[in-house]
Amino acid sequence: MAIKIGITGGIGSGKSVVSRLLEVMGVPVYISDIESKRLTVSDSLIRRELISLLGEDIYTDGELNKTLLASYIFGNPEHIRTVNGIIHPRVRDDFHQWVKRYDAYPIVGMESAILIEAGFAGEVDAVIMVYAPEEIRITRAMQRDTAPRELVERRVRSQMSDEDKRIQADFVIVNDGETPLIPQVLELITSLSKNIAYLCPPKK
Ligand SMILES: CC(C)(COP(=O)(O)OP(=O)(O)OC[C@H]1O[C@@H](n2cnc3c(N)ncnc32)[C@H](O)[C@@H]1O)[C@@H](O)C(=O)NCCC(=O)NCCS
Ligand SMILES: Nc1ncnc2c1ncn2[C@@H]1O[C@H](COP(=O)(O)OP(=O)(O)OP(=O)(O)O)[C@@H](O)[C@H]1O
C-alpha cells in the first residue's frame, strides 16, 4: 500500500510548485483545488445542493460560477462551513478512489491548502507543510492572480494561520524564496523512502 502524504500551506505558499517537483520525482499528487472544481461540475449531488443553496445562477452554461461562489464563501465563516460540508465529503470519496488507482506507487500525495481545516489530514500518513511568511504569500498570490491585496487577504483570513499549521506538520518545507527548494524535496523523499523500507522489508 502506498504511503500517503498531504501537502499543505496557505495561499501562495508554493504547494503547487512543490507538488510539481514531487510529480517529476515520481510521486503522483491529487490536486484538491482541481479535483474539487471538477466535482462541483460533474457530481449531481453537489450540483443539486449548491443550486438549492445559491440558486440556478451558481452554474452558467453548465460551468461553476466561481466568482459567485468565492464572494459567498470568503469572508463568512458560516458560509464557508456550509459549502465545505457539501463539497468536501465528495472530495474525500474521490480521493479514496484515486488512491486505489495509484496503489502500485510507493508514495502518493494529496495537495490542499485546507488539508487540516477540512479534516483531510486524517486521510494521510504524514502532513508536509510548505511554509512561507505571510507577506511573501500575499505578494505571490497577487502577482499570480493579478488580484487586489484585499481579495487575497480575505482568502488568507479564511484559512488557519500557517504558524498554527506548522505545529501540526510532520515535515516542513521552507519556500521563502531564499532557502533552496529542491534539496528539501529530495530530503523529504529520502526520509519517506527510509520509512517505506522500514515498513516493507524486502522479501528474502
Ligand atoms: C471558491 C472557488 C470557486 C474559487 O475558485 P478560484 O479559481 O478563484 O480560486 P482557487 O480554486 O484557485 O482557490 C485559490 C485558493 O483559495 C483558497 N481556498 C479555496 N477554497 C477554500 C476554502 N473552502 N477554504 C479556505 N480557502 C480556500 C486556497 O488557498 C486555494 O488554493 C474555489 O476555490 C472553490 O470551489 N472552493 C470550494 C472548494 C474547496 O474547498 N476547495 C479547496 C480544496 S478541497
Ligand atoms: N520560491 C519561489 N520563488 C519565486 N516564486 C515562487 C516561489 N514559489 C512559488 N512561487 C510563485 O508564487 C506563486 C504561488 O505559488 P503556488 O501557486 O505554488 O502556491 P500555492 O500554495 O499552490 O497557492 P494556492 O493555495 O493559491 O493554490 C506562483 O506564481 C509561483 O510560481
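Just so you know, ligand 1 is whichever comes first in the structure, and atom 1 is the first atom listed for that ligand. Bear in mind that the values here come from a model prediction, so they are computed numbers and not experimental data.
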Is the closest N or O pair between G14 and ligand 2 shorter than 3.5 Å?
yes
Ion pair present between K100 and D103, side-chain N to carboxylate O less than 4.0 angstrom?
no
Would you find a donor on one side and an acceptor on the other, under 3.5 Å apart, between the side chain of T60 and the backbone of N65?
no
Given the protein's heavy atoms, is any one of them under 4.0 Å from atom 4 (C) of ligand 2?
no
Against ligand 2, does S13 come closer than 4.0 Å with any heavy atom?
yes
Proximal candidate to atom 28 (C) of ligand 2 [heavy atom criterion; set E178, R137, Q159, R144]
R144
Pairs under 3.5 angstrom, nitrogen or oxygen on both sides, ligand 1 versus protein: list them out, please.
residue	atom	partner	partner atom	Å
ligand 1	7 (O)	K37	NZ	3.2
ligand 1	8 (O)	R155	NH2	3.2
ligand 1	9 (O)	R155	NH1	3.1
ligand 1	11 (O)	K37	NZ	2.7
ligand 1	23 (N)	N84	OD1	2.9
ligand 1	26 (N)	Q159	NE2	3.1
ligand 1	29 (O)	Q159	NE2	2.7
ligand 1	31 (O)	D33	OD2	2.7
ligand 1	40 (O)	H88	NE2	2.7

If you apply the rule ring pair (Phe, Tyr, Trp, His ring centres under 6.0 Å), what do you find for H88 with F120, and how did you get there?
CA-CA 9 Å; H88 292 175; F120 296 144; 5.5 Å; yes
Main chain of G6, side chain of E111: is a donor-acceptor contact present, judged purely on distance under 3.5 Å?
no
What is the nearest protein non-hydrogen atom to atom 25 (O) of ligand 2, stated with its residue, atom name and distance?
K15 NZ, 2.6 Å
Any D33 heavy atom less than 4.0 Å to ligand 2
yes
Backbone or side-chain N or O of A113 under 3.5 Å from ligand 2 N or O
no
Is the backbone N or O of A147 less than 3.5 Å from a side-chain atom of D145, with the two atoms forming a donor-acceptor pair by type?
no
Do any N/O atoms on G12 end up under 3.5 angstrom from N/O atoms on ligand 2?
yes
